[in-house]
Amino acid sequence: ALLLAGVIFSFFLVAPLDAGAAEPEVRLDVAALRGGAVPRVHIAASPHPRSAAFYARTADGMVQPIHFTGRMAQAGDGGPVLQIPVGEERLIRIGGTPGLFVAARTGLRQDREAIFVLLAEDLPAVLAETAPVSAAVFFRQLMAVAHGQKGALHILPYTIAAAGLPPEGSSQAETTAFEIAFDGIAPEAVFTLADILTVEGSGPLTPVVIELPEAGGGIGFRYSSPASETGFRERLGKIVKGAGLSGARIVAHGAGTHLTVIAPAP
């Protein structure tokens, strides 16, 4: 019990989001887009030079890199990594600009997609293949390449309506912020759970930030939902089970908004 408490305490000391921050470090202008519109990603200025890799997570569950060319790209190689200089804020239009692309839409009335932004101190290309890969494969590749990096994966969900149709309004219901820590769960599984929670289904378009874990460190994220504490815990439990962690337990702490997902016993 003392060990678990230490894990939980450590996690909340390094919570991915700062509740007092004026705005997140990486954000979208608009999360509900009309057909033909493109996501616009803002990266806040920092006193440290950083690398940012951009990936399109499409409605079919596949991920592919968003390639940049010329002076925007790292060494001009046309890869998915941009260099963010010290003190410079960046506005990136994902699509509609030479050198950028995303996969074709599915053609449904409204698709739910996401931009993955991996922001770190010194990042090599994680996924450079032209062909899309599944989100699960992408997360495994991410952990293999980004191991030991200081940074975070930002999942920025959005919806986009088919051409000619207005986007459906997202729910503006009051939400509760849930803190979710993971004990004994592989980082790539945590990324998968966050991806399903954030992009799959019809929940709120809540961005998620997951700090890359340090050796022996904890991992977790914050998610805002209009669901009740019981309803959210039940949904999270179904996602955990559906992701192949059927023996995992979810433990609630305090008021029920602090949750820990504990790996199944070997």
Starting at CD1 of Ile219, measure out to CD of Glu211 and round the result to the nearest 0.5 Å. 9.5 Å

For Phe232 together with Phe178, are the ring centres under 6.0 Å from each other? yes

To the nearest 0.5 Å, tell me how far Leu91 CG sits from His42 NE2. 4.5 Å

Please give me the minimum heavy-atom distance between Leu193 and Val240, naming the atom from each residue. CD2-CA, 3.8 Å

Applying side chain to side chain contact (heavy atoms under 4.5 Å, CB included), run through Leu205 and Thr159 and close with a yes or a no. CA-CA 8 Å; Leu205 295 168; Thr159 58; 4.0 Å; yes

Check: Phe191 ring centroid to Phe138 ring centroid under 6.0 Å: no

Please determine whether a side-chain nitrogen of the Lys or Arg among Arg50 and Glu88 lies less than 4.0 Å from a carboxylate oxygen of the Asp or Glu. no

Taking all non-hydrogen atoms of both residues into account, name the closest pair between Pro157 and Ala31 and its distance. O-CB, 4.0 Å

Looking only at heavy atoms, the pair that brings Pro85 and Arg90 closest together is CD-NH2, 3.9 Å

When rounded to the nearest 0.5 Å, the distance separating CE of Met62 from CZ of Arg57 is 10.5 Å

May I ask you to test the Phe139-Leu153 pair for a side-chain heavy-atom distance under 4.5 Å? yes

Output yes when Glu188 and Arg140 qualify as a salt bridge under the 4.0 Å nitrogen-oxygen rule, no when they do not. no

Quick one: does Ile94's side chain get under 4.5 Å of Ile92's, heavy atoms only? yes

Under 3.5 Å donor-acceptor, Thr192 side chain and Ala136 backbone: no

Is there a side chain to side chain contact (heavy atoms under 4.5 Å, CB included) between Leu156 and Val208 once you walk through the steps? CA-CA 7 Å; Leu156 308 175; Val208 163; over 6 Å; no

Stepwise side chain to side chain donor-acceptor pair (under 3.5 Å) test for Glu229 and Thr257: CA-CA 6 Å; Glu229 293 164 9; Thr257 58; 5.6 Å; no

Minimum heavy-atom separation for Pro132 to Gln64, with atom names? CG-OE1, 3.4 Å

Are the side chains of Val133 and Tyr55 in contact, using a 4.5 Å heavy-atom criterion? no

Taking the side chain from Arg222 and the backbone from Ile180, do they hold a donor-acceptor pair closer than 3.5 Å? no

Does the side chain to side chain contact (heavy atoms under 4.5 Å, CB included) test come out yes or no for Thr260 and Phe182, once each step is laid out? CA-CA 5 Å; Thr260 302; Phe182 296 85; over 6 Å; no

Between Pro204 and Pro226, is any pair of side-chain heavy atoms under 4.5 Å apart? yes

Can you tell me how far the CG atom of Leu82 sits from the CD1 atom of Ile43, to the nearest 0.5 Å? 7.0 Å

Would you name the heavy atoms of Val63 and Ala135 that are closest together and state the gap between them? CG2-CA, 3.8 Å

Closest heavy-atom contact between Val41 and Val26? CG1-CG1, 3.7 Å

With side chains defined as the heavy atoms from C-beta onward, is the minimum distance between Ile196 and Val199 less than 4.5 Å? no

Establish, from distance only, whether the side-chain atoms of Glu121 and Ser51 form a donor-acceptor pair under 3.5 Å. no

What's the spacing between Leu118 CG and His154 NE2 if we round to 0.5 Å? 8.0 Å

Between CG of Leu236 and OG of Ser225, what distance do you get to the nearest 0.5 Å? 10.5 Å

Between Asp183 and Val261, is any pair of side-chain heavy atoms under 4.5 Å apart? no

Quick one: are Ile155 and Val209 in side-chain contact, heavy atoms under 4.5 Å? no

